[in-house]
Amino acid sequence: MLDRKFLREHRDLVAAAVAAKREAVDIGAYYEKDAERRAALQESESLQAEVNRANRAISEAKKAGLDTAAAIAGMRATGQRLKELNARAAELDAEVEALYLRIPNLPDAGVPIGGENANQVVRSWGEPRRLDHPAVPHWDLGAELGMLDVEAPARMSGSGFSLLKGDLARLERALIGWFLDTHRAAGYVEVAVPYLVSPAAMVGTGQLPKLAEDMYRCQVDDLYLIPTAEVSVTNIHRESTLAESDLPIRYCAFSPCFRREAGAAGKDTRGLLRMHQFHKVEIVHFEHPDRSREAHEELTAQAEGLLRKLELPYRVVLLATGDLSFAASRCYDLEVWSPGVGQWLEVSSCSSFTDFQARRAQIRWKGASGKGFVHTLNGSGLALPRTLVAILENYQTADGKVLVPAVLRPYLGGQDVIG
RNA sequence: GGAGGGCUAGCCUAACAGGUAAGGCAGCGGUCUUGAAAACCGCCGGGUGAGAGCCCAUGGGGGUUCGAGUCCCCCGCCCUCCGCCA
């Protein structure tokens, strides 16, 4: 969330940002309620001060052995009135808070304004692969190999779930291991995190309240299944102050991700492109505010490095305001060309959240140069299903087999082909 | 799930029988010093304010009371045991 004072002092900027991000929040109502809340708070605080003064006087009088019965009787009504004022202030506070939590982060100054078609391809690497045989989409290729079953998961879980078998399951596991090892070698600390988290944790990273419909919730315990490891990893440091000298802190984590995809019915229904449950390796940075812009480039380069080593041609897209997520200030999507489906697949989203998540989750830094909220950043490194799709479709052979990218062969006992 | 013990600031530790959170360590700044240590001084939870100040803060939320770290209720987390369990 944004600083409350900043919100008050930059109404035009905030309104422009809300419009550019196409958010629905009524910021006029926020300002109105906030003014009411602050008036009520002032009133109750000054009455509280009066009560405190009277109580101190009673305490002194008692110590001096004086009769305090009259003074105490006189405070009864005041105490009651204070209680009522506090109740009113708390009510207003809840109303303001509900609106406050729906105000998005501001897009960074360099972000193009507009919808999806305003996204900018800022660079690309490699040439989209042209196969010397017809490109087969991964669902056919996987089915023919007997390694991708769509029927069994549909029977047990419904649509949007996958079942990998044999060497394809092994290939996914190889990717996970290789991703984590690569990040570790670059200085990231590997963490294994909870997959069920509290509502407060989800508010911290910004999934709640806006995206409640996209989350799986375990009602009896009021816990949410994480839609990304970002939630768990960022919340590692919730409600804490980090030493400036410890920054940056960089983590990598493997996790399953659970998404209801509430608004995406009928979209990407074939194959592995859009799942209710999938695996991902995520990288997360906690940075000093002064370094967060460079860190965003570093984080993106870290994710890009994986695609280069896998020799998968990709492009880097700077998202326009309308495509930016609620909490993000700036985001690069990494898209890999996949000849079977004939699409650029988003395999990573590398975002900077400035201090937006840190303020929500109360993650501060303190040190010689001052104190404040840290900046958080994260990116996929990488999402497994679409990486698998890209490998299957880019590395397919004319006889329906799939070559194993060179970097993964050590993870498959030297095996260089699947099928 | 059951029983018992705990939770005070970054860490450690006080607060009689309810009277408005005391100290220590670490950290930061300074004095002194060739430099350091020691010693001494100041700062050292959050909000608001130009400031004096005011408000909040003892795991969280309620209640009793003029007044709650302290008394009552609910919840969370940690520790020890029992039960269950991969």
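Only this structure's heavy atoms are used, side chains among them; waters, hydrogens and symmetry mates stay out. The model shown is predicted, which means the values in this text are computed figures rather than measured ones.
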Without placing hydrogens or testing angles, list every side-chain donor-acceptor pair under 3.5 Å for residues 143-161 of chain A, not counting sequence neighbours.
unit_1: A:Asp149; atom_1: OD1; unit_2: A:Glu151; atom_2: N; d: 2.8
unit_1: A:Asp149; atom_1: OD1; unit_2: A:Ala152; atom_2: N; d: 3.1

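- Identified under the side-chain hydrogen bond (donor to acceptor under 3.5 Å, both in side chains) test for residues 55-72 of chain A, with sequence neighbours left out: none.
- Residue pairs meeting the side-chain hydrogen bond (donor to acceptor under 3.5 Å, both in side chains) criterion with at least one partner in residues 190-204 of chain A, sequence neighbours excluded, do not occur; the list is empty.
- By the ring-ring contact (aromatic ring centres under 6.0 Å, His included) test, A:Phe254 is found to be paired with A:His279, residues two or more places apart in sequence or in another chain being considered.
- Every residue two or more places apart in sequence or in another chain that forms a side chain to side chain contact (heavy atoms under 4.5 Å, CB included) with A:Ser329 is listed here: A:Asn105, A:Asp108, A:Thr354.
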Kindly list each side-chain donor-acceptor pair under 3.5 angstrom involving residues 71-78 of chain A, sequence neighbours excluded, with atom names and distances?
none

Please enumerate all protein N or O atoms sitting under 3.5 Å from an N or O of nucleotides 54-60 of chain B, with distances to 0.1 Å.
unit_1: B:C55; atom_1: OP1; unit_2: A:Asn52; atom_2: ND2; d: 3.0
unit_1: B:C55; atom_1: O2'; unit_2: A:Glu45; atom_2: OE2; d: 3.1
unit_1: B:C56; atom_1: OP1; unit_2: A:Gln48; atom_2: OE1; d: 3.3
unit_1: B:C56; atom_1: OP1; unit_2: A:Gln48; atom_2: NE2; d: 3.4
unit_1: B:C56; atom_1: OP2; unit_2: A:Asn52; atom_2: ND2; d: 3.4

Task: Under the 3.5 Å Watson-Crick or G-U criterion, the dot-bracket string of RNA chain B, with | for inter-strand pairs - done: (((((((..(((......[...))).(((((.......))))).((((....))))..(((((..]....))))))))))))....
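- Listed by chain and number, the residues in a side chain to side chain contact (heavy atoms under 4.5 Å, CB included) with A:Leu211 are A:Asp214, A:Met215 (sequence neighbours excluded).
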Please list every donor-acceptor pair under 3.5 Å in which a side-chain atom of residues 265-276 of chain A meets a protein atom from a residue at least two apart or in another chain.
unit_1: A:Asp268; atom_1: OD2; unit_2: A:Arg274; atom_2: NE; d: 3.1
unit_1: A:Asp268; atom_1: OD2; unit_2: A:Arg274; atom_2: NH2; d: 3.1
unit_1: A:Arg274; atom_1: NH1; unit_2: A:Glu261; atom_2: OE1; d: 3.2
unit_1: A:His276; atom_1: ND1; unit_2: A:Tyr216; atom_2: OH; d: 3.4
unit_1: A:His276; atom_1: ND1; unit_2: A:Arg259; atom_2: O; d: 2.8
unit_1: A:His276; atom_1: ND1; unit_2: A:Arg260; atom_2: O; d: 3.4

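- Scanning for salt bridge (charged side-chain N to carboxylate O under 4.0 Å, His left out) contacts around A:Arg8 gives A:Asp34, with sequence neighbours left out.
- Atom CZ in A:Arg4 sits about 13 Å away from atom C1' in B:G46, given to the nearest Å.
- Rounded to a whole angstrom, the distance from the P atom of B:U34 to that of B:C12 is 40 Å.
- Taking a 4.0 Å limit (strictly below) on heavy-atom distances, residues 217-226 of chain A does not reach RNA chain B anywhere.
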